[in-house]
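Notes to accompany the following structure.
Convention: sequence-line order gives letters A, B, ...; per-chain numbering from 1.
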Amino acid sequence: MSTQTPEREAVAAAPTPGCSKQAALMIMSLFVVLAVAATTLGSDLLRRAAATTDGDFAGETLEVLIPLAEGGGTDTWARYVGTELSHVVPGQPGFAPVNEPGGEGIAGTNAFVAEARADGTEILVSTASSVVPWVLGRSEVQYDFDQLTPILANGSGGVIYARTAAGVSSVEDLVNRDTPLRFGGISATGLDLTTLVAFDLLGADVESIFGFEGRGPVNLALQRGEVDLDYQTTSAYGPAVAPLVLSGTAVPLMSMGQVDVAGKIVRDPNFPDLPTVVEVYEQLYGEAPGGPALEAYRSLLALTYTWQKAMWVPEKTPDAAVQTLRTSAHEMAEDPEFTDAAAEVLGGYPIIADDDLPALVHDAYTVEPDVRDYVVELLASDHDVQLD
Amino acid sequence: MLDSALAALASLTQPSLLLMLAVGVVAGLVIGLIPGLGGTGAVAILLPVTFGMEAEQALALLIGALAVVHTSDTVAAVLLGAPGSASASVTMLDGYAMAKQGRAARALSLAFLSSMAGGIIGAVGLTLAIPLARPLVLSFGAPELFMLTVLGVSLAAVLSRGNVAKGLVAGCLGLLLGLVGIAPSTAEYRFTGGSLFLADGLSLVAVALGVFGLAEIASRVGQRQQPGEEIALGHGWLAGVREWLGHWTQVIRGALIGIWAGVLPGVGATAGTWLAYGQSVATAKDKSKFGKGDPRGIIGPESANNSVEAGDLIPTLLFGIPGGVPAAMLLGTLLTYGIQPGPAIVTDHLDLMYLIVWAFAIASVVGAALCFLVTKPLARITKVPFAVLGPGLVVVMLLGAFQESGQLGDLWVMIALGLLGWLLKDTGFPRAPFLIGFVLAIPLERYYFLTDAVYDGAEWLARPWVIVFLVVLIAPAVFALIRYLRRRRGTDTDDRTVEPAGDDEGELSGSVWSLLTAAGMLVVFVTAFVVAGGYSPDARLVPRLITGVGALAALVLLILEIRRLRSVSTSPVPGEQPARRRFPGVAVAARTFVWMAAFLGLVALGGYVAAALVFVPAFLLYVARARTRTVLVYGLVTAALLVLAPILLPVELPLGALMTR
């Protein structure tokens, strides 16, 4: 291999420049001019003004920002709903999902409120992991859902279940125990928070273990007997929990319930036979629950289940563009072909995009200071989590 | 069962499915060649294409790509020393060493064959796993996974030949870096300095490409090619095949470890590949060739990194619990077709399961065959001087790393880690323990706390798998100790004279630089130890343990270095003054890193295309001293590809501050 191409020989041997100084300067200035052109042209091409107020999105691209990594439930949901939405919006805009993970959804959402164009072509996806830090008022959060306009929302539900071998056969076994039940959690400041508040409301004798990678691994840990209590969302209940219930390994205790239009906690339509957390309280204590714990539970239930996932645009987006998007989303949600095909992705809950959406979302996303104080106190006293 | 298997195979003869499978394979191979994209990139790029397809077609496309990404990612690792994905950095250890000895063809044919076999065994494993997966997954609780992570990190340190102290220091540094971000048990931010960008930890792609890829560029850009150092493809294809057949047990062992690592949630491709490497070394009688081009160092990991992807599909399909990001995205795809993964998938969608199995197996074979065909033309790239190749590689690698998080900060981290990687390499610290420490830090902490919370006292130590791992863990340490004691009693000169100053020894090994590095590490560990004091007790424990061990090892190393320098300077060596050795490589590497940083600075200002338009020609003119025509064509083609990339593929370019928003 000693005889090589002449080019290589030249480069290897010659310490002198490949071309003269002047030539080099000329080439460099050429490229610098190109670079300056690329910077200005590039930004113009990328950021030309969108025409979205005429009821037609032709030639535009819906850029959907997912503040989480690829591959989770929210990512799947956003990609699917976003694709379908781009098909029904007049003018059939393109669809570009952008994942911006970081800080459990906080970083991407911060970036959206700071930079997104208010013309209806940039859409934010929200989910429990970006909503809960906002409820808790964490210092990293620079966004406010009151300053965003909702396009559509989609709910979810959940079921709390227990391992029968831990000595649980009904909800009565949650209280007055010799040894506490072990609940497997991911992090006290995520979706688990709603379940923790439910346990607190019920006065359940529960010891929480955090640090699991996800709800799937908790379900496996329960099957191994490492934990006794778990909850799964509606879409995971069928494959992950139903077989365990059938074989007698586990018993479903209650559903999280849903918050209805009047703000009442009602049974989950997907689990009509399971009592809600509120009903369980009545069963255990013979009276209706009240006080700050119930208020906190209701608030969190609305935010993290009934209105769990949503798509938003910046507040300053022109009404006409918002209307076009929301009407299209509503048509999509009403289309039986869509609801059939999307059944698994939507997890059994309809997409809401009607005219009542802004008012309902506004109600749900208005969190009383008492609720925040209660939650912060609960986290500090029971779970050793100090919030700034 | 056999009926559905044959029916699935028959359905694959449909032209539409075959076409999708072929497209997937080709796309997967191309994506694997580009450093930084890997399996996640393959699925992310192909996913939008699948919307509107039938479920079978979409699966054929995605599985075809996923099955072969880890076949072609080896090419860059072996030929350029720049791994195509994080897990290929394991193959790089021996593959690149082999290529530098002019045996690249042999290394590549070993790798391709192993990848193919890994894929086939993975597919068979996927089939057989249906009845076995459940008990296997359920028998691996928190204690077993904890022991597995400990085993992974310890193997890495023990396998650092002859220099356990350096291996330990590098491993602890990796572990420490892996802890940056949110703590698994208390949701506290650690070592982030209040920056939200660090809150999710550093990106694995940025770390792997920085520590291995950029470091390699920095140390090779300035080198004049010396005879015998060039990467030649050689003619070892057939020799490779023969050698591969001779090591068939390694193939099977590697593939089985890969499947197993894929099935267990939380282990992942990089760690699984590493465990396969570790077992190859641990079970070999003659370990002296590892890291210097031992075929076993290629076969085991290459079989494993393909079978990991198959293994990963097992929990994804049967439990709906994906083991890695590519599998998670595949899971999402299934959901959009109304297929709910879970135990019922075996009864409801058995035909699809077999379609996946067959697609995986066929893709593995076709992918390896295609790789054999294209390697020869691809290998011509190694004839191009590295200084000319360098700027293009920097542009591609940084762009690849940017795709994972979309944050410019990750690229700065990557360059900083490139500097660290170069320092580690040249001062003789092994980089594998560093990477494996980084990957396993959070799982190690997570499963420690879960074990501690779930089990009372030390009862978990009596669990059968834990005992097995304990034996595996302790046995090599005992052997190593015995061997060490024997060697001490015997000739002490062994260590110093027999080891030639090979590549792994590093140019700066044993110099003042090496001493300063050890001192720097000590400072890092002590600082982190102090900083960790500010966290809650649960978040503090593991960082304190790691920094404590790290500081101790760094201290030992520092003392050893001081003693060595002293003995060298006091004993008169004729004709040489080691303390005043000159290191031309240092200046060149430093200059290269300044170039990279300048490039990133330009990106931050004017966006990626503009920065590449300045950086590539400038580097070619003033560092590589390339000819006018080369500069013009190279610069313009790079820019054109960068402009086209986001149009053709879902690739995002970093934007600059001067671009109007």
Side chains of [X] and [Y] in contact at under 4.5 Å (non-hydrogen atoms):
X: Met28(A); Y: Tyr622(B); answer: yes
X: Glu213(A); Y: Tyr447(B); answer: yes
X: Val609(B); Y: Leu34(A); answer: no

Heavy-atom pairs under 4.5 Å with chain B: which of Asp340(A), Ile209(A), Val385(A) has the most?
Ile209(A)
Testing the basics here: between [X] and [Y], what is the closest heavy-atom pair and its distance to 0.1 Å?
X: Val454(B); Y: Glu226(A); value: CG1-O, 3.4 Å
X: Val631(B); Y: Phe31(A); value: O-CZ, 3.9 Å
X: Leu613(B); Y: Ala38(A); value: CD1-CB, 4.1 Å
X: Thr39(A); Y: Gly606(B); value: OG1-O, 3.3 Å
X: Val614(B); Y: Ala35(A); value: CG2-CB, 3.6 Å
X: Glu344(A); Y: Ile339(B); value: CG-N, 4.4 Å

Heavy-atom distances under 4.5 Å only: say whether [X] touches chain A with side chain, backbone, both or neither.
X: Ile182(B); result: side chain
X: Tyr189(B); result: side chain
X: Leu330(B); result: neither
X: Glu188(B); result: neither
X: Ala327(B); result: neither

Among [options], which residue has the highest count of heavy-atom pairs closer than 4.5 Å to chain A?
options: Pro184(B), Ala611(B), Gly201(B); value: Pro184(B)
options: Gly607(B), Gly141(B), Ala639(B); value: Gly141(B)
options: Ile442(B), Leu632(B), Leu334(B); value: Leu632(B)

Just checking Tyr448(B): does its OH atom have more than 12 heavy atoms from other residues, nucleotides or ligands closer to it than 6.0 angstrom?
no
In terms of heavy-atom contacts, does CG of Asp384(A) have more than 12 from other residues, nucleotides or ligands at under 6.0 Å?
no
Need one label for Ile186(A): side chain, backbone, both or neither, based on atoms under 4.5 Å from any heavy atom in chain B.
backbone
Bottom line for Ala341(A): the part with an atom under 4.5 Å from chain B's heavy atoms is backbone
From OG1 (Thr628(B)) to CD1 (Ile27(A)), nearest 0.5 Å:
4.5 Å
Interatomic distance, Phe449(B) atom CZ to Phe212(A) atom CZ [nearest 0.5 angstrom]:
14.0 Å
Can you tell me if Arg224(A) uses its side chain to pair, donor with acceptor, with the backbone of Ser139(B) under 3.5 Å?
no
